[in-house]
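Written out below as structure tokens is the structure these notes cover.
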Number of protein chains: 2
Amino acid sequence: MSKPLRADAQRNRARVLEVAAETFAAEGLSVSVHEIARRAGVGTGTVSRHFPTKEALFEAILLSRMEQLVQRAEALAEGTGQDRAYDEAFFAFFALMVEEGAGNRGLVDALAGAGFDFRSVEAERRYDVMGAWRELLRRAQQAGGIRADVDIADVKALLTGCIDRERSGVDPVARARLLAIVREGLRA
Amino acid sequence: MSKPLRADAQRNRARVLEVAAETFAAEGLSVSVHEIARRAGVGTGTVSRHFPTKEALFEAILLSRMEQLVQRAEALAEGTGQDRAYDEAFFAFFALMVEEGAGNRGLVDALAGAGFDFRSVEAERRYDVMGAWRELLRRAQQAGGIRADVDIADVKALLTGCIDRERSGVDPVARARLLAIVREGLRA
DNA sequence: AGACAACCGGGACGGCCGTCCCGTATATTC
DNA sequence: GAATATACGGGACGGCCGTCCCGGTTGTCT
């Protein structure tokens, strides 16, 4: 389809991706593309050539991260044998997502829908995080660990809340408490 | 301290406030001040004279709404007699806040911290919504209806989640289900 | 090594937003 | 009803952001 990139272009692309991932994670989606370019030590043109829009840049970041998350979710799904473990797998992934969101302001912004559509990324159908999670939920519900009427949107809402809690400082005790509240609430 | 405003100034101020409240509620904090002025049928200067900054404008809106919310919270607190009712008052206010947030995108934006500090409004100390709510929580905890280790930040996080859920369409069934989940989670 | 294509840097452009300012119009006061 | 302070309208300004483009440079292939 497309010819391989020139060596320096590959380097720059990777560097921009890396810097952008760190920056968005640390400071959220509000950082300007100019700032990303500056920190990566390249011109703004270089960024916009590899990633035509800011959204495309963030998509690229999210995509690689989502790949890992889906793998974790599937690994958790694999590891379930006894009925009891199904809901554990679900909650383990929930905790993982909270942790992810806590250290990734960009993801929080994306989830909050602040000018970015999470679904459009998933529409590429390569890494369907929510789909993988829905599967974990379905199994846990079938096994009777989680109330049957809950849907994945409810779960996402609770996740948003948990992540929001992290804004006022990272407090492991508070995080565990909130997770416990969610567990109790979702229990069948 | 200050002389009374001229009659037309009072009218304009009230009109701007009204239009801004509707607009922010319907479309969130991202609407421009120019647009508010246009819809109110006044010049941009008129808006910025009454409310020097956009934040000041939104503060003024929030302040009047918060007054009503605090009154509701206090009324709920008054109405509690039997031990059982304490947590009912708390959850009633929770539901009220969810409803409020569902029909008020500006408030959601403010809660999400998108460029606006909710606390700075409360710092005026006239209407302390969170304080009033904390009081409801405290009583419900003392009465044993809600687990003792929960703090008001946890509650706010859950509220954020519930309001977030409303983004994907207003579904009364889903709302009730999510509220039920929260109740179960917070129960002592 | 030379020629060509690919890529880089960063300035320039257009758009949007919040805020300020000033000539004009209008309410208030005597 | 005239004088005066007060408020209005909306254009102008400065800042920021995302995107595009072009003159110069650097990798790549023969």
Side-chain angles (χ1 to χ4, degrees), chain A residues 1-21 23-24 26-62 105-106 109-110 114-117 120-121, chain B residues 1-21 23-24 26-62 105-106 109-110 114-117 120-121:
Chain A
M1 199 58 141
S2 58
K3 321 206 163 187
L5 286 171
R6 230 169 64 177
D8 54 342
Q10 284 183 37
R11 271 199 308 275
N12 275 325
R13 189 179 195 283
R15 170 138 189 78
V16 167
L17 215 43
E18 184 190 348
V19 170
T23 308
F24 282 147
E27 305 177 29
L29 248 36
S30 66
V31 200
S32 76
V33 174
H34 287 255
E35 181 64 18
I36 303 275
R38 201 187 59 76
R39 296 194 193 182
V42 301
T44 60
T46 303
V47 175
S48 73
R49 196 169 331 103
H50 288 301
F51 311 97
T53 69
K54 188 180 192 175
E55 194 178 12
L57 173 58
F58 188 62
E59 267 189 35
I61 296 169
L62 225 48
R105 285 191 55 83
D109 289 350
F116 185 79
D117 189 9
S120 73
V121 179
Chain B
M1 196 57 123
S2 57
K3 318 207 164 188
L5 284 172
R6 229 168 67 176
D8 55 343
Q10 284 182 37
R11 271 199 308 273
N12 276 324
R13 189 179 195 283
R15 170 138 187 77
V16 167
L17 214 44
E18 184 190 348
V19 170
T23 308
F24 283 147
E27 305 177 29
L29 248 35
S30 66
V31 201
S32 76
V33 173
H34 287 257
E35 181 63 17
I36 303 276
R38 201 187 60 76
R39 295 193 193 181
V42 301
T44 61
T46 302
V47 174
S48 74
R49 196 169 333 101
H50 288 301
F51 311 98
T53 70
K54 188 180 191 175
E55 193 178 13
L57 173 58
F58 188 62
E59 267 189 34
I61 295 169
L62 225 48
R105 284 191 56 82
D109 289 349
F116 185 79
D117 189 8
S120 73
V121 179

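Proteins get letters first, then strands, A, B, ... in listed order; numbering begins at 1 in each. The structure displayed is predicted, hence computed values, not measured ones.
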Side chain of Ala9(B) only, please: which of dT19(C), dC8(D), dG18(D) is the nearest? dC8(D)
Go through the steps to decide whether Thr46(B) and Arg49(B) satisfy the test side-chain contact (heavy atoms from CB on, under 4.5 Å), and finish with yes or no. CA-CA 5 Å; Thr46(B) 302; Arg49(B) 196 169 333 101; 4.0 Å; yes
Nearest-angstrom distance from the residue atom CD of Glu35(A) to C1' of dC17(D): 12 Å
Separation of dC17(C) P from Glu27(B) CD (nearest whole Å): 12 Å
Do Thr44(B) and Val33(B) have side-chain heavy atoms sitting under 4.5 Å apart? no
Grab the two heavy atoms, one from Phe51(A) and one from Ala60(A), that are nearest each other, plus how far apart they are. CE2-CB, 3.8 Å
Is His50(A) close enough to dC8(C) that one of its side-chain N or O atoms is under 4.0 Å from OP1 or OP2 there? yes
Ignoring backbone atoms, establish whether Asn12(B) has a side-chain N or O less than 4.0 Å from OP1 or OP2 of dA7(D). no
What is the minimum heavy-atom distance between Phe24(A) and Leu57(A), and which atoms define it? CE1-CD2, 4.1 Å
Whole angstroms only, please: what is the CZ-C1' distance between Arg49(B) and dG10(D)? 11 Å
In whole Å, what is the span from the CZ atom of Phe51(B) to the P atom of dC8(D)? 11 Å
Between His34(A) and Val31(B), just flag the one whose closest nucleotide in DNA chain C comes earlier from the 5' side. His34(A)
B/S/- along nucleotides 23-30 of chain D (protein heavy atoms under 4.0 Å) is ---BSS--
Quick one, His50(B) with Val16(B), criterion side-chain contact (heavy atoms from CB on, under 4.5 Å). Give me CA distance, side-chain angles, the key distance, then yes/no. CA-CA 9 Å; His50(B) 288 301; Val16(B) 167; 5.6 Å; no
Output all residues satisfying side chain to side chain contact (heavy atoms under 4.5 Å, CB included) with Glu35(A), sequence neighbours left out; order by chain, then residue number. Val31(A), Ser32(A), Arg38(A), Arg39(A)
Measure from CD on Glu55(B) to P on dG18(C) and round the result to the nearest Å. 12 Å
Base of dG11(C) paired with side chain of Thr44(A) (donor-acceptor, under 3.5 Å): yes
Roughly how many Å is it from CZ in Arg15(A) to P in dG9(C), rounded to a whole number? 11 Å
Distance check needed: dG10(C) P versus Ile36(A) CD1, whole Å only. 17 Å
Between P of dG10(C) and CZ of Arg39(A), the distance in whole Å: 17 Å
Taking OP1 and OP2 of dT19(D), is either one under 4.0 Å from a side-chain nitrogen or oxygen of Ser48(A)? no
In the structure I gave you, are the side-chain heavy atoms of Val42(A) and Arg15(A) within less than 4.5 Å of one another anywhere? no
Taking for Ser30(A) and for Thr46(A) the nucleotide of DNA chain D with the nearest heavy atom, the one nearer the 5' end belongs to Ser30(A)
